[in-house]
Amino acid sequence: MIDTAVTLDTSFEDYSKSEWMDAVKQVAQNGGFYEALGSRHHAMFLEKSSTLLVSFETINGMRALSSMAHPLGWEMVRSEGWSHLCLASEGDTWFRDAPVYAFFDRLIDDGFFDGFDRVVFYGAGPGGYAAAAFSVAAPGAKVVAIQPQATLDPSVTEWDDRFVEMRRTDFTSRFGYAPDMLDAAEAAFVIYDPTVPLDAMHASLFTRPNVTKLRMRRMGTALQSKLLELDQFENLLTLAADGELTIASFARIARARRDHRPYLKGLLAALEREQRDPLTLTLCNFVTGHMSAPRFVRRKKQLEAELALRVAQENGTAEEQDTPSQDPAKTTG
């Protein structure tokens with residue numbers, strides 16, 4: 001138990017798991033409500049304005065990704081004054097649990113979502129699946145799903161061997177196949193890296209008229225973390241809520257990766273694996289012109305030396321070919 005009052009501005013970073021739960025409950029109950037949904041899920045609601053963010057997060061994820069160990073959605077409460085409904089899970093459950101279904105049934109029956117002018121569903125990975133699947137509860141909502149799975153039903157996605165422990169979980173009953181649940185959404189956005197084959201295969205299953213696919217090429221398997229590192233998380237959700245998230249506006253968001261060292265190092269490694277020396281040199285020139293990067297400086301010098309040697313060898317070969325051969329008849333004595 002925590003002995004002091006906590007608010008949205010209190011950091012929970014050093015709290016134990018039980019203290020953390022107590023703190024989250026206290027904030028939610030003071031500004032809305034908290035409800036346990038069975039043994040593995042929790043619902044925390046904060047009421048602020050007519051814009052509602054519904055996020056699906058894991059407790060471990062919140063504690064690791066937020067500098068204050070808060071639900072990520074609380075950033076939008078503080079910065080934008082949005083209302084926030086957080087569905088939290090104990091581990092990766094894909095929110096496939098009867099108490100969660102019953103909770104959304106009750107929200108639908110009570111007209112909960114009708115009280116908001118704008119509703120945005122958000123999640124990443126298993127949370128991205130849930131954001132798409134449960135968005136059907138609020139027709140007309142916007143959905144932002146990062147690296148979502150469409151389903152883990154092995155009869156549909158037996159090619160995905162990452163989550164074999166979930167293959168006995170029912171993905172065929174209520175709120176089951178996430179892409180179908182998007183039919184009532186005003187717009188949905190699926191964010192993924194097309195160079196990650198399994199994520200790209202799931203993204204292909206979300207092909208719908210109201211779905212826009214937003215690609216973060218060469219950004220890997222932790223796109224939510226990367227967007228937080230790029231300081232673009234809030235911008236992404238604000239654009240979605242305002243109806244201004246497009247391929248073009250997302251490209252402007254993604255330009256922040258040009259100053260993101262992990263991305264640049266990963267891009268360098270990929271270009272080197274593919275032996276694309278001209279592009280590698282272009283990348284090294286860009287990076288060394290914008291920041292201190294010893295690794296890129298060394299690679300730049302190496303590539304320039306290799307290029308100079310190659311040119312010299314080609315020039316030497318050309319000179320040999322241009323030199324006229326002597327007539328053997330004129331050299332005989």
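The first residue of the sequence shown is numbered 1, and numbering continues consecutively from there. Everything quoted here is computed from the prediction, not taken from an experiment.
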Requested in this report: State, to 0.1 Å, how close Ala240 and Lys142 come at their nearest heavy-atom pair, and which atoms those are.
Outcome: O-NZ, 3.4 Å
Query raised in the report: Between Asp97 and Leu37, what is the shortest heavy-atom contact and its length?
Result: OD2-O, 4.3 Å
Pairing of [X] and [Y] as salt bridge, 4.0 angstrom limit:
X      : Y      : answer
Lys48  : Glu80  : no
Lys17  : Glu90  : yes
Arg215 : Asp199 : no
Asp242 : Arg118 : yes
Glu244 : Arg252 : no
Glu306 : Lys301 : no

From [X] atom [atom1] to [Y] atom [atom2], the distance as rounded to the nearest 0.5 Å:
X      : Y      : atom1 : atom2 : answer
His202 : Thr157 : NE2   : OG1   : 5.0 Å
Phe296 : Met291 : CZ    : CE    : 8.0 Å
Phe189 : Leu245 : CZ    : CG    : 4.5 Å

Query - Audit row: Phe95, His41, ring pair (Phe, Tyr, Trp, His ring centres under 6.0 Å) steps and yes/no - result: CA-CA 8 Å; Phe95 296 85; His41 299 95; 5.3 Å; yes
Query raised in the report: Honestly curious: do Met166 and Met201 fall in one hydrophobic cluster under the side-chain, below-4.5 Å linking rule?
Result: no
Query raised in the report: Mind checking whether Leu230 and Ile146 sit in one hydrophobic cluster, side chains of I, L, V, M, F, W, Y counted as touching below 4.5 Å?
Result: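 Linked within one cluster.
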Requested in this report: Let me see the working for Tyr122 and Leu237 under side-chain contact (heavy atoms from CB on, under 4.5 Å), right down to the final yes or no.
Outcome: CA-CA 8 Å; Tyr122 168 80; Leu237 294 181; 3.8 Å; yes
